[in-house]
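Some notes on the structure that comes next.
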Amino acid sequence: MLSSLFPVLYGVVFVALLWQAFRVMSRGFRAASGPIGEPADRTGRVTVHPELLDNDGRITEEDLLTVRFGGDEEAGSDTSGTTAE
């Protein structure tokens, strides 16, 4: 009895999952076929990071700290460390 129930249960679950997969894929295809609009700012103004503002709320004129990770191949920069003389 139980051995004949497993193939039926397997088939029902397989069909249900297949139906769900097609539903999800159809939503994706419909979304991809529509026009792509430019993202709009919610406030209608340009967004500025708060870190760039000074105490008065204006954009700072200071030099900003920048960091580079990997792939720096500048000529003349020696990153081998200190040398013992």
Side-chain angles (χ1 to χ4, degrees):
M1 170 70 183
L2 195 58
S3 64
S4 64
L5 185 63
F6 279 132
V8 173
L9 183 63
Y10 182 83
V12 169
V13 170
F14 178 77
V15 169
L17 289 175
L18 190 64
W19 176 257
Q20 181 68 19
F22 279 116
R23 283 184 48 211
V24 170
M25 287 191 305
S26 69
R27 288 183 191 168
F29 288 136
R30 275 186 271 148
S33 66
I36 298 175
E38 218 173 286
D41 190 14
R42 291 180 293 154
T43 61
R45 300 182 343 195
V46 176
T47 303
V48 177
H49 287 272
E51 296 87 7
L52 297 176
L53 302 177
D54 61 6
N55 291 338
D56 298 325
R58 294 180 301 227
I59 294 179
T60 183
E61 297 294 327
E62 305 175 351
D63 290 335
L64 299 175
L65 175 65
T66 59
V67 180
R68 293 186 193 179
F69 296 99
D72 290 355
E73 297 178 8
E74 293 181 17
S77 65
D78 183 29
T79 58
S80 62
T82 59
T83 58
E85 293 183 27

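All of these numbers come straight from a predicted model, not from anything done at the bench.
- Partners of R27 according to the side chain to side chain donor-acceptor pair (under 3.5 Å) rule, which considers only residues two or more places apart in sequence or in another chain, do not exist here.
- Annotation: salt bridge (Lys or Arg N to Asp or Glu O under 4.0 Å) contacts of D63 (sequence neighbours excluded): none.
- In this structure, the side chain of D56 does not engage the main chain of R58 through any donor-acceptor pair within 3.5 Å.
- Taking N55 as the reference, nothing meets the side-chain contact (heavy atoms from CB on, under 4.5 Å) condition, with sequence neighbours excluded.
- Here I59 pairs with V48, L53 under the side-chain contact (heavy atoms from CB on, under 4.5 Å) rule; sequence neighbours left out.
- Considering only residues two or more places apart in sequence or on other chains, L18 meets the side-chain contact (heavy atoms from CB on, under 4.5 Å) condition with F14, F22.
- Applying the side chain to side chain donor-acceptor pair (under 3.5 Å) test to pairs two or more places apart or on separate chains, those with a residue in residues 8-25 are Q20-R23.
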